[in-house]
Amino acid sequence: MSASDDCLFCKIIAGDIPSAKVYEDDTTYAFKDINPKAKVHVLVVPKKHYANVAELAAADPAELAHIVEVAQHIADDAFHGAFRLVFNTGLDAGQTVFHVHAHVMTGEKLDE
């Protein structure tokens, strides 16, 4: 998948829109959520554009596994290693940006 010209996260990855970077490597970018739901709330995205986690899993399962590794790294650095990892897939599930992204949240118990 290539970058989408109208994708917010593609623009963030390209540096066209500023973000508070937490982590970056050749395939993955992580930045602080601008509307955090926990003490630590970081979004982890693949640099390649995939609409959702199901599309990513089908096309590049190794990248999906890498996102989980990055989430653990963030939780280890920002908290004591415990974290919640959330992928919203589809509008009815709360996905608002259609570039797959993992929400890494730590810091306290969230309301159930």
Side-chain angles (χ1 to χ4, degrees):
M1 296 278 135
S2 61
S4 174
D5 291 337
D6 62 348
C7 174
L8 174 65
F9 289 170
C10 288
K11 291 176 183 178
I12 289 172
I13 293 163
D16 298 335
I17 295 175
S19 66
K21 180 170 68 171
V22 173
Y23 176 88
E24 182 175 17
D25 62 28
D26 291 342
T27 65
T28 310
Y29 188 78
F31 56 98
K32 292 181 180 179
D33 193 298
I34 61 169
N35 188 22
K37 304 297 184 204
K39 288 180 184 173
V40 176
H41 188 165
V42 174
L43 303 180
V44 182
V45 299
K47 289 184 175 180
K48 289 184 180 179
H49 183 92
Y50 299 96
N52 58 52
V53 69
E55 188 176 292
L56 172 61
D60 192 350
E63 177 61 21
L64 179 54
H66 181 61
I67 287 171
V68 175
E69 291 171 359
V70 170
Q72 183 66 67
H73 171 77
I74 291 166
D76 289 344
D77 284 351
F79 202 53
H80 58 71
F83 66 100
R84 182 175 290 202
L85 187 64
V86 177
F87 289 93
N88 298 324
T89 301
L91 190 59
D92 290 339
Q95 186 177 7
T96 58
V97 177
F98 291 88
H99 182 128
V100 63
H101 54 287
H103 296 259
V104 180
M105 294 177 278
T106 69
E108 69 275 334
K109 278 186 130 178
L110 301 177
D111 292 338
E112 295 299 322

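We're numbering straight along the sequence, starting at 1.
Asp76 and Gly81 make their closest contact through OD1-CA, 3.3 Å (heavy atoms, listed as atom of the first residue, atom of the second, distance). Among all heavy-atom pairs drawn from Ala82 and Ala75, the shortest one is O-CB, 3.8 Å. Shown here for Met105 and Val86, the closest heavy-atom pair between the two residues is CE-CG2, 3.6 Å. Val42 and Ala30 make their closest contact through CG1-CB, 3.9 Å (heavy atoms, listed as atom of the first residue, atom of the second, distance). Taking both residues in full, the closest heavy atoms of Asp33 and Pro36 are given as O-CD, 3.6 Å, listed atom of the first, atom of the second, then distance. The two atoms that bring Pro46 and Leu56 nearest to each other are CG-CD2, 4.4 Å, heavy atoms only.
Considering OG1 of Thr96 and CG of Asn88, their distance stands at 8.0 Å, rounded to 0.5 Å. Rounding to the nearest 0.5 Å gives a distance of 8.5 Å between OH of Tyr23 and CD1 of Ile74. Between the CG atom of Asn52 and the NE2 atom of His101 there is a distance of 10.5 Å, given to the nearest 0.5 Å.
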- Task: Evaluate side chain to side chain contact (heavy atoms under 4.5 Å, CB included) for His66 paired with Glu69, printing each intermediate quantity in order.
- Result: CA-CA 5 Å; His66 181 61; Glu69 291 171 359; 3.5 Å; yes

- Full working for side chain to side chain contact (heavy atoms under 4.5 Å, CB included) between Phe87 and Leu64: CA-CA 11 Å; Phe87 289 93; Leu64 179 54; 3.8 Å; yes

- Given the rule in the side chain to side chain contact (heavy atoms under 4.5 Å, CB included) test, do Val22 and Lys32 qualify, once you have shown the distances and angles that lead to the verdict? CA-CA 7 Å; Val22 173; Lys32 292 181 180 179; 3.8 Å; yes

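Relative ring orientation between His49 and His99 is described as perpendicular, the plane-to-plane angle rising above 60° on a 0-90° scale split at 30° and 60°.
Pairs engaging residues 16-27 under the salt bridge (charged side-chain N to carboxylate O under 4.0 Å, His left out) rule: Lys21-Glu24, Glu24-Lys47 [sequence neighbours left out].
Of the possible polar contacts, none joining the Glu55 side chain to the Val100 backbone as a donor-acceptor pair under 3.5 Å is found.
Hydrophobic cluster membership of Phe9, counting Ile, Leu, Val, Met, Phe, Trp and Tyr whose side-chain heavy atoms lie under 4.5 Å apart directly or via other members: Leu8, Ile12, Ile13, Ile17, Tyr29, Phe31, Leu43, Val45, Val97. In the hydrophobic clustering, Leu91 connects to Phe98, either directly or through intervening members, whenever side-chain heavy atoms lie under 4.5 Å apart.
Under the 4.5 Å side-chain heavy-atom criterion for Ile, Leu, Val, Met, Phe, Trp and Tyr, Val70 and Phe79 are members of distinct hydrophobic clusters.
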